[in-house]
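Only one structure is covered here, and it is reproduced in the block below.
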Amino acid sequence: MELQEKVTVPTFTDLDKDAFLRDIYPQRRPAVLRGMDLGPCLEKWTAEYLTEKGGDKEVKIHVSTVPQMDFLHKNFAYKTLPFKEFVKRASEKTHCDYFLCKDESYYLRSLGEDVRKEPADLSKQFPALAADFHIPEFFAPDQFFSSVFRISSCGLQLWTHYDVMDNLLAQVTGTKRVILYSPQDALHLYLSGDKSEVLDIDSPDLTRFPEFVKAKRYECVLEPGDVLFIPALWFHNTLALHFGVGVNMFWRHLPADSYDKKDPYGNKDPVAAARALQALERALHTLDELPADYRDFYGRRMIQRIQKRTYSDSQSTTSTQQDSDRTSPSNHFTKPG
């Protein structure tokens, strides 16, 4: 089977805010940040401590009979459990108490108090635990959007998707493999909305998804204390190698009015992008009024105009990026498009 080109996400140690904003953030490429001060959570957040501090607060969770969760086909059920019971089950390999089967998998993505209006905020939903976690001050307070508690069973794999905001994924306990794909490889990922239809990224069905091999695969394994910078629009797929606890922090890097104000998850397309996609749908419906050969011809003309107006990856940029990916981490980044 033809294999994807693989690139290791570079790791940077003991970075402060100035170095992050100067050397990493402008490049718009993923980076693992190691040696950051995340607070006493690194020592404290055992399963026992979490159950004690989290208490009986009810949480909505994903439960699946298989560890590879698929959001497109919803192969999981939404259930509610007291937080301490959820942590107990998620940290076990087999369960005495269960919903679907003895070896079911669990996943928590924390929500706001009003799930339809409020983003998740660790300090509001879990104040006793939030005191243990130090949010890296890499963005201005007024840019903050959400801090999301993520807890998963060992072996749990989440679907490939993108977010419209920049974010930091802090791994507190356990280890996690993260695979990322550039926004410029979107056409190779068989998208349905913000998610890829390619569920098994390690052994993809290339008869259904032949273009997938053209997408360059960026890889890293997060150890406890590591923080992964995921720029907006970068696709990512996570696999928990152990029972794992992390905190995901999102912030607005575009002007505030660029985002949908009714989006508590931070994953709706920016307002202008949503308008453009709607206009495209109207244009395609208009083309349906033409015979097939005319639709083909004017569809190709539309694609050509979109490429000329929007594509930033010229041949020279692509060549430069490919060359830089083969060099040392200090030269790993290219300038943003």
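- Here the CZ atom belonging to R295 is positioned 12.5 Å from the OG1 atom belonging to T286, to the nearest 0.5 angstrom.
- Of all non-hydrogen atoms in S91 and K88, the two that sit nearest each other are OG-O, 2.9 Å.
- Residues Y25 and Q27 have side chains that never bring a donor and an acceptor to within less than 3.5 angstrom of each other.
- The environment of K102 atom NZ is sparse: at most 12 non-hydrogen atoms of other residues, nucleotides or ligands sit within 6.0 angstrom.
- Judged by distance alone, the side chain of T46 and the main-chain N or O of Y49 form a donor-acceptor pair under 3.5 Å.
- Contact check for P10 versus F12: side-chain heavy atoms found under the 4.5 Å cut-off.
- Here the OG1 atom belonging to T238 is positioned 7.0 Å from the CG atom belonging to L156, to the nearest 0.5 angstrom.
- In this structure, the side chains of Y218 and I179 stay at 4.5 Å or more apart for every pair of heavy atoms.
- You'll find the ring centres of W45 and F149 inside the 6.0 Å limit.
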Intermediate values then yes/no, side-chain contact (heavy atoms from CB on, under 4.5 Å), V164 and D194 = CA-CA 9 Å; V164 300; D194 63 341; over 6 Å; no
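- With a 4.5 Å cut-off on side-chain heavy atoms, R28 and P231 count as touching.
- Counting only residues at least two apart or on different chains, the ring-ring contact (aromatic ring centres under 6.0 Å, His included) pairs with a member in residues 172-198 are Y181-F212, Y190-F209.
- Under a 3.5 Å cut-off, the side chain of S258 and the backbone N or O of L254 do not form any donor-acceptor pair.
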Chi angles and distances behind the salt bridge (Lys or Arg N to Asp or Glu O under 4.0 Å) call for R217, E219 = CA-CA 6 Å; R217 174 179 170 129; E219 300 185 354; 2.5 Å; yes
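- When the salt bridge (charged side-chain N to carboxylate O under 4.0 Å, His left out) test is applied to D132, the partners found at least two apart in sequence or on another chain are K44.
- Between the CG atom in D257 and the CZ atom in R252 there is a gap of 11.0 Å [rounded to 0.5 Å].
- Neither V87 nor Y78 shares a network with the other; the hydrophobic side chains, linked directly or stepwise wherever heavy atoms of I, L, V, M, F, W or Y lie under 4.5 Å apart, form separate groups for each.
- Remark: the backbone N or O of M69 is not paired with any side-chain donor or acceptor of N75 at under 3.5 angstrom.
- Under the 4.5 Å side-chain heavy-atom criterion for Ile, Leu, Val, Met, Phe, Trp and Tyr, L21 and M36 are members of the same hydrophobic cluster.
- Counting only heavy atoms from C-beta outward, the side chains of V9 and L180 approach each other to under 4.5 Å.
- Side-chain contact between F243 and E92: absent, with no pair of heavy atoms (C-beta onward) separated by less than 4.5 Å.
- Summarising the geometry of S152 relative to A240, their closest heavy-atom pair is OG-CB, 3.5 Å, with the distance given to 0.1 Å.
- Using modelled atom types, one finds no donor on one side chain facing an acceptor on the other under 3.5 Å when comparing H161 with N237.
- Note on I201: it does not cluster hydrophobically with V221, by side-chain heavy-atom contacts below 4.5 Å among ILVMFWY residues.
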inquiry  = Using the rule given for side-chain contact (heavy atoms from CB on, under 4.5 Å), can you reason through F86 versus V59, listing the C-alpha separation, both sets of side-chain angles and the distance that settles it, and then say yes or no?
reply    = CA-CA 8 Å; F86 158 71; V59 290; 4.2 Å; yes
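- The shortest heavy-atom contact between P67 and S105 is CA-OG, 3.5 Å.
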task = Would you check, one step at a time, whether the test salt bridge (Lys or Arg N to Asp or Glu O under 4.0 Å) holds for R177 with D202?
result = CA-CA 12 Å; R177 186 195 75 173; D202 298 304; 3.1 Å; yes
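- Between F229 and F20, the distance separating the two ring centers is shorter than 6.0 angstrom.
- Using a 4.5 Å heavy-atom cutoff, the side chains of P224 and T175 are in contact.
- Between T80 and I61, every side-chain heavy-atom pair lies at or beyond the 4.5 Å cut-off.
- Remark: E211 engages K214 in a salt bridge (charged side-chain N to carboxylate O under 4.0 Å, His left out) (not counting sequence neighbours).
- Between the OG1 atom of T160 and the CZ atom of F235 there is a distance of 9.0 Å, given to the nearest 0.5 Å.
- A distance of 6.0 Å or more separates the ring centres of F71 and H62.
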query = Between R300 and D296, is a salt bridge (Lys or Arg N to Asp or Glu O under 4.0 Å) present by the stated rule, with each step listed?
reply = CA-CA 6 Å; R300 292 173 190 272; D296 179 280; 2.7 Å; yes
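- In terms of modelled atom types and a separation under 3.5 Å, the side chain of D37 and the main chain of G39 share a donor-acceptor contact.
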query = Should K176 and L241 be marked as a side-chain contact (heavy atoms from CB on, under 4.5 Å) after you check the CA-CA gap, both sets of side-chain angles, and the distance that decides it?
reply = CA-CA 5 Å; K176 179 174 289 182; L241 303 178; 5.9 Å; no
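- Of all heavy-atom pairs spanning G225 and L38, the tightest one is O-CD1, 3.8 Å.
- S146 contributes no side-chain N or O that, together with a main-chain N or O of V148, makes up a donor-acceptor pair within less than 3.5 Å.
- Taken from OG in S147 to CZ in F126, the straight-line distance is 10.5 Å, to the nearest 0.5 Å.
- Side-chain atoms of E104 and H95, non-hydrogen and from C-beta on, do get closer than 4.5 Å to each other.
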For residues 266-283, which side-chain N or O atoms pair as donor and acceptor with protein atoms under 3.5 Å away, sequence neighbours left out?
unit_1	atom_1	unit_2	atom_2	d
D269	OD1	Y162	OH	2.8

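- Of the options T13, D226, D14, a side chain to side chain donor-acceptor pair (under 3.5 Å) to R34 is made by D226 and by none of the others.
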task = Under the side-chain contact (heavy atoms from CB on, under 4.5 Å) rule, what do L222 and L169 come out as? Steps first, then yes or no, please.
result = CA-CA 9 Å; L222 301 181; L169 175 58; 4.1 Å; yes
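- Heavy-atom minimum distance, P210 versus V213: O-CG2, 3.5 Å.
- Taking a 6.0 Å sphere around CD of E137, one finds it holds 12 or fewer heavy atoms contributed by other residues, nucleotides or ligands.
- The distance from the CZ atom of F145 to the CG atom of D166 is 13.0 Å, given to the nearest 0.5 Å.
- For the ring-ring contact (aromatic ring centres under 6.0 Å, His included) condition, the pairs that include at least one residue of residues 251-270, sequence neighbours left out, are F139-W251.
- W159 and I230 are not part of a single hydrophobic cluster, where members link through side-chain heavy atoms under 4.5 Å apart.
- Listed by first then second residue, pairs satisfying salt bridge (charged side-chain N to carboxylate O under 4.0 Å, His left out) with a partner in residues 55-68 read D56-K84, K57-E113, not counting sequence neighbours.
- When all heavy atoms of L50 and F83 are compared, the pair lying nearest together is O-CE2, 3.4 Å.
- A continuous path of hydrophobic side-chain contacts links Y106 to L129 [ILVMFWY only; heavy atoms under 4.5 Å].
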